[in-house]
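Atom set for the values below is all heavy atoms of this structure, side chains included, hydrogens, waters and symmetry mates excluded. Quick caveat, the model's predicted, so the values are computed rather than measured.
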Amino acid sequence: MKKIILAAALTGCLFTANAQDIIERPTFGDNWQIGLDAGATAPIQGHGILKHTRFIGGLHLQKQISPLFAAGVEGTWDVNTTPSANIFDRQYVGAYGALNLTNAFCGFTCEPRMFSVDLVGGAGWIHHYIAHAPDRNDLGLKAGLNFNFGVTENFSISLKPAVVFNVTSKNRVSFARRTTDMQVMVGFNYNINPGFKCVSCPDESGKIADLNARVNALRGDLDASAVALAASQADNAALAAALAQCQNQPKQVVNTNTLNSVRYVFFKIGSSVITADQQPNVEMIAAYLKNHPKAKVEIRGYASPDGNLEFNERLAAKRAEAVKTALMKKYKIPADRISAKGEGIGHMFTEESWNRVSICTLEE
């Protein structure tokens, strides 16, 4: 029996395509099947098979839960072949599950297969209609195969051989062949929204390669940062040692005369206007000149290298004159105590912006 099932499942593979990457779950309203079943049934042993072969008809409702599993309910009725008050001599109503062997052995597909094999098993209620005695109810178990042939997208035909065990006959549990019937039915099925939607996995190899490259670049940056940190730590250690050495050396006395006699008035780029933040420097020069009536001031204007040479020379002269004019007009310092001259481009400071300055040297 196992060899027959395996052969039938592998045969179905010849008529189907390979499975897609991803199979999405359908909605509740998809993959329903309504079917009308008709065929013949007969006892396996203890009765004449041909003599007691009866027509059987039924209905089933099935839901395909996944490409592998389905569940459903069914009802069948055996037509009585002997004189009786009822046209039926037995009915079976039960639930069943189905395993799609073709999908199990050959892989899933998104579209319905042209041919597939299901292994079916279920349980249900058997009701016997007896002419001259009370009716009887038993528990029945059912096992069989469904050979499914797709005709159209929504219509299929199934060949359904099965065995029904009357397991509670004569008030005891038994799987005796005398109480077992064989069925062969043909199912005419209507399939509602059949199949499973496939979603192909996108090719992310390019993105993965790009991410790997970025990760490697970040690792390289991290290694370079570690080297730079080690170098900085070494520099800090050297500076700390130099600082300690300086702290241990005798302190030198700074010549305060230079600090007292020189003042700076800085200007913005391309300008000779004394800004508000530089006014205190001019005021300090004026205060010194007032406190020392014999003192004079020498003002030298400078410019940074921005722009052409001719413009910078004029700008340097204007900056010296701007300080002289402020001392004369605002603080009433006589002109004969002030000397102002432009020196062109200055090179006193390594910071270029500091060279936009008027250097004022106070003289006794």
### Message
Salt bridge check, Lys296 against Asp336: does any charged N sit closer than 4.0 Å to a carboxylate O?
### Response
no
### Query
In terms of ring plane angle, is the pair Tyr264 and Phe266 parallel, tilted or perpendicular, where the classes change at 30° and 60°?
parallel
### Task
Give, for atom CZ of Arg314 and atom CG of Leu309, the distance between the pair rounded to the nearest 0.5 Å.
10.0 Å
### Message
What verdict does the side-chain contact (heavy atoms from CB on, under 4.5 Å) test give for Leu59 and Asp37, after you've listed the backbone C-alpha separation in whole Å, the side-chain angles of each residue and the deciding distance to 0.1 Å?
### Response
CA-CA 6 Å; Leu59 299 170; Asp37 306 315; 6.0 Å; no
### N/O donor-acceptor pair under 3.5 Å between Ser158 side chain and Lys160 backbone
no
### Query
Once the angle between the rings of Trp77 and Phe88 is folded into 0 to 90°, is it parallel (under 30°), tilted (30 to 60°) or perpendicular (over 60°)?
tilted
### Task
Is it possible for you to say whether Val265 and Leu327 belong to one hydrophobic cluster, with membership spreading through side-chain heavy-atom contacts below 4.5 Å?
yes
### Query
Is a side-chain N or O of Asn146 found less than 3.5 angstrom from the main chain of Asn148, in a donor-acceptor match?
no
### Message
Distance check, rounded to the nearest 0.5 Å: Gln62 atom CD versus Ile65 atom CD1?
### Response
9.5 Å
### Message
Checking side-chain polar atoms at under 3.5 Å, does Asn193 have a donor or acceptor matched by the opposite partner on Asp30?
### Response
yes
#### Entry: Whether over 12 other heavy atoms sit under 6.0 Å from Trp354 CH2
no
### Summary
Of all heavy-atom pairs linking Ala320 and Gly342, the shortest is CB-N, 4.4 Å
### Message
Are Tyr96 and Leu36 connected into the same hydrophobic cluster when the rule is that any two of I, L, V, M, F, W, Y join if their side-chain heavy atoms are below 4.5 Å apart?
### Response
no
### Task
Answer with yes or no whether the side chains of His128 and Asp89 bring together a donor and an acceptor at under 3.5 Å.
no
### Query
How far does CD1 of Ile34 sit from OH of Tyr190, to the nearest 0.5 angstrom?
8.5 Å
### Query
How long is the span from the CE atom in Met328 to the CZ atom in Arg337, to the nearest 0.5 Å?
12.5 Å
### Summary
side chain to side chain contact (heavy atoms under 4.5 Å, CB included) filter on Gln233, not counting sequence neighbours, yields Leu229
### Query
With no hydrogens and no angle check, do the side chains of Asn103 and Arg113 hold a donor and an acceptor under 3.5 Å apart?
yes
### Query
Is Cys360 close to Val323 at the side-chain level, that is, under 4.5 Å between some pair of heavy atoms?
yes
### Task
Check Ala303 against Leu315 and note the closest heavy-atom contact, atom names and distance.
CB-CD2, 4.5 Å
### Message
Salt bridge check, Asp181 against Arg54: does any charged N sit closer than 4.0 Å to a carboxylate O?
### Response
yes
### Query
Are Gln279 and Ile274 close enough, and set up right, to give a side-chain contact (heavy atoms from CB on, under 4.5 Å), and what steps lead you there?
CA-CA 7 Å; Gln279 287 292 342; Ile274 301 174; 3.6 Å; yes
### Task
May I ask you to say whether Glu74 pairs ionically with Lys142, meaning some side-chain N is under 4.0 Å from a carboxylate O?
yes
### Query
CG of Leu61 to CH2 of Trp32: how many Å apart, nearest 0.5 Å?
5.5 Å
### Query
Going by atom types only, do Asn154 and Thr152 share a side-chain donor-acceptor pair under 3.5 Å?
no
### Query
Does Met348 reach the side chain of Val357, with side-chain heavy atoms less than 4.5 Å apart?
yes
### Summary
All heavy atoms of Thr53 vs all of Ala40, minimum pair found to be CG2-CB, 3.9 Å
### Query
Does Asn31 offer a backbone N or O that forms a donor-acceptor pair with the side chain of Asn191 under 3.5 Å?
no
### Message
Could you see if Leu119 belongs to whatever hydrophobic cluster contains Met185? Use Ile, Leu, Val, Met, Phe, Trp, Tyr and a side-chain cutoff under 4.5 Å.
### Response
no
### Message
Let me confirm one number: the CD1-CD1 distance from Ile338 to Ile299, rounded to the nearest 0.5 Å.
### Response
6.0 Å
#### Entry: Whether over 12 other heavy atoms sit under 6.0 Å from Lys341 NZ
no
### Query
Between Ser304 and Ser353, is there a donor-acceptor pair closer than 3.5 Å when you use the side chain of the first and the backbone of the second?
no
### Message
Students often mix this up, so state it plainly: with edges at 30° and 60°, are the rings of His292 and Tyr288 parallel, tilted or perpendicular?
### Response
parallel
### Query
Would Glu298 and Arg300 pass as an ion pair if we require N to O under 4.0 Å?
yes
### Task
Taking the side chain as every heavy atom from C-beta outward, state whether Pro305 and Glu352 have any atom pair closer than 4.5 Å.
yes
### Close side-chain approach of Phe147 to Pro161, heavy-atom, < 4.5 Å
yes
#### Entry: Audit row: Gln91, Ile126, side-chain contact (heavy atoms from CB on, under 4.5 Å) steps and yes/no
CA-CA 6 Å; Gln91 73 175 22; Ile126 300 176; over 6 Å; no
### Task
Output yes when a side-chain donor or acceptor of Ser358 lies under 3.5 Å from a complementary backbone atom of Arg319, and no otherwise.
yes
### Query
Does any donor atom in the side chain of Thr41 or Asp78 lie under 3.5 Å from an acceptor atom in the other side chain?
no
### Task
Mark yes or no for whether Ser271, through its side chain, and Phe267, through its backbone, hold a donor-acceptor pair below 3.5 Å.
no
### Message
Quick check: closest heavy atoms across Ala286 and Tyr331, and the distance to 0.1 Å?
### Response
CB-CG, 3.4 Å
### Task
Indicate the atoms forming the closest heavy-atom contact of Gly39 with Phe55, along with that distance.
O-CD1, 3.3 Å
### Heavy atoms of other groups near Glu351 CD, more than 12 under 6.0 Å
yes
### Task
Please check if the side chain of Thr180 supplies one atom and the backbone of Ile44 the other of a donor-acceptor pair under 3.5 Å.
no
### Task
Would you confirm whether Asp138, through its side chain, and Val167, through its main-chain N or O, come within 3.5 Å as a donor-acceptor pair?
no
### Query
Between Ser272 and Ala322, what is the shortest heavy-atom contact and its length?
O-CB, 3.3 Å
### Message
Hydrophobic clusters here meaning ILVMFWY residues chained together by side-chain heavy-atom distances under 4.5 Å, can you tell me if Leu139 and Val163 are in one?
### Response
yes
### Query
Linking I/L/V/M/F/W/Y whenever any side-chain heavy atoms sit under 4.5 Å apart, do Leu159 and Phe155 land together?
yes
### Task
Using a 4.5 Å cut-off on heavy atoms from C-beta on, say whether the side chain of His127 contacts that of Tyr92.
no
### Tyr302 and Ile345, any side-chain heavy atoms less than 4.5 Å apart
no
### Message
Set out, in order, the CA-CA distance, both residues' side-chain angles and the distance that settles side-chain contact (heavy atoms from CB on, under 4.5 Å) for Leu145 and Asp118, then state yes or no.
### Response
CA-CA 6 Å; Leu145 295 171; Asp118 295 335; over 6 Å; no
### Task
May I ask you to decide if Gly206's main-chain N or O and Asp210's side chain share a donor-acceptor pair within less than 3.5 Å?
no
### Query
Can you check whether Leu141 reaches Val164 side chain to side chain, under 4.5 Å on heavy atoms?
no
### Query
Does Phe349 offer a backbone N or O that forms a donor-acceptor pair with the side chain of Asn355 under 3.5 Å?
yes
